[in-house]
Amino acid sequence: CDVDGAVEPLVRSTTIDEPFFVYDPATRTEQADLDGPGVLMLGVDILPAELPREASAHFAQALLPFLDALATPGAPLSAELSAATIAEAGALAPAY
């Protein structure tokens with residue numbers, strides 16, 4: 001969990017028992033009620049520890065072929081990564 005890092009609305013970490021909160025950027029407030037205005041945030045520090053080891057190993061192997069493109073700014077993305085991209089360089093992808 002990267003509190004006050006790259007994802008600005010992530011203002012605190014959460015727990016497994018209460019994994020979500022809603023952050024309202026207009027008022028810069030957070031609330032536990034998931035029905036209010038804002039962005040739903042998840043910031044569980046120990047979330048990887050909640051996954052079985054086999055699932056983590058499988059995910060790592062599936063992600064490995066894409067790491068070079070993900071780590072290189074401006075690198076062309078595969079069809080899979082392009083389809084999964086929501087925003088890039090400060091703008092929403094055409095599908096969004």
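Only this structure's heavy atoms are used, side chains among them; waters, hydrogens and symmetry mates stay out. Please read these numbers as outputs of a predicted model, since none were measured by experiment.
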**OP:** Answer yes or no: is there a side-chain heavy-atom contact under 4.5 Å between F20 and M41?
**Re:**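 They are not in side-chain contact.
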**OP:** Compare all side-chain heavy atoms of L42 with those of L40 and state whether any distance is below 4.5 angstrom.
**Re:**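 Not in contact.
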**OP:** Linking directly or through intermediates, with side-chain heavy atoms under 4.5 Å: list the remaining ILVMFWY members grouped with I86, chain and number order.
**Re:**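 Besides I86, the cluster holds L92, Y96.
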Subject >> Remaining members of hydrophobic cluster (4.5 Å side-chain criterion), F66 >> reply: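 Other cluster members: F59, L63, L64, L67, L70, L77, L81.
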Original post:
Got a donor-acceptor contact below 3.5 angstrom from the T14 side chain to the G43 backbone?
Top reply: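 Side chain of T14 to backbone of G43: a pair is present.
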**OP:** Could you tell me the separation between the OH atom of Y23 and the CD atom of Q31, rounded to the nearest 0.5 Å?
**Re:**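 The OH atom of Y23 sits 12.0 Å away from the CD atom of Q31.
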Original post:
With sequence neighbours left out, what residues match T29 under side chain to side chain donor-acceptor pair (under 3.5 Å)?
Top reply: T27
**OP:** Quick one: list whatever passes side chain to side chain donor-acceptor pair (under 3.5 Å) with S78, sequence neighbours left out.
**Re:** E80
Shortest non-hydrogen contact from [X] toward [Y]:
X	Y	value
D33	V22	O-CG2, 3.7 Å
V3	S13	CG2-N, 3.6 Å
A75	A69	CB-O, 3.9 Å

Original post:
Can you list every pair that meets side-chain hydrogen bond (donor to acceptor under 3.5 Å, both in side chains) and has a residue in residues 57-74, with sequence neighbours left out?
Top reply: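 Matches after skipping sequence neighbours: none remain.
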**OP:** Go through the structure and list residues passing side chain to side chain contact (heavy atoms under 4.5 Å, CB included) with E88, not counting sequence neighbours.
**Re:** T85
**OP:** Can you spot which of V39, L10, V11 makes a side chain to side chain contact (heavy atoms under 4.5 Å, CB included) with E30?
**Re:** V11
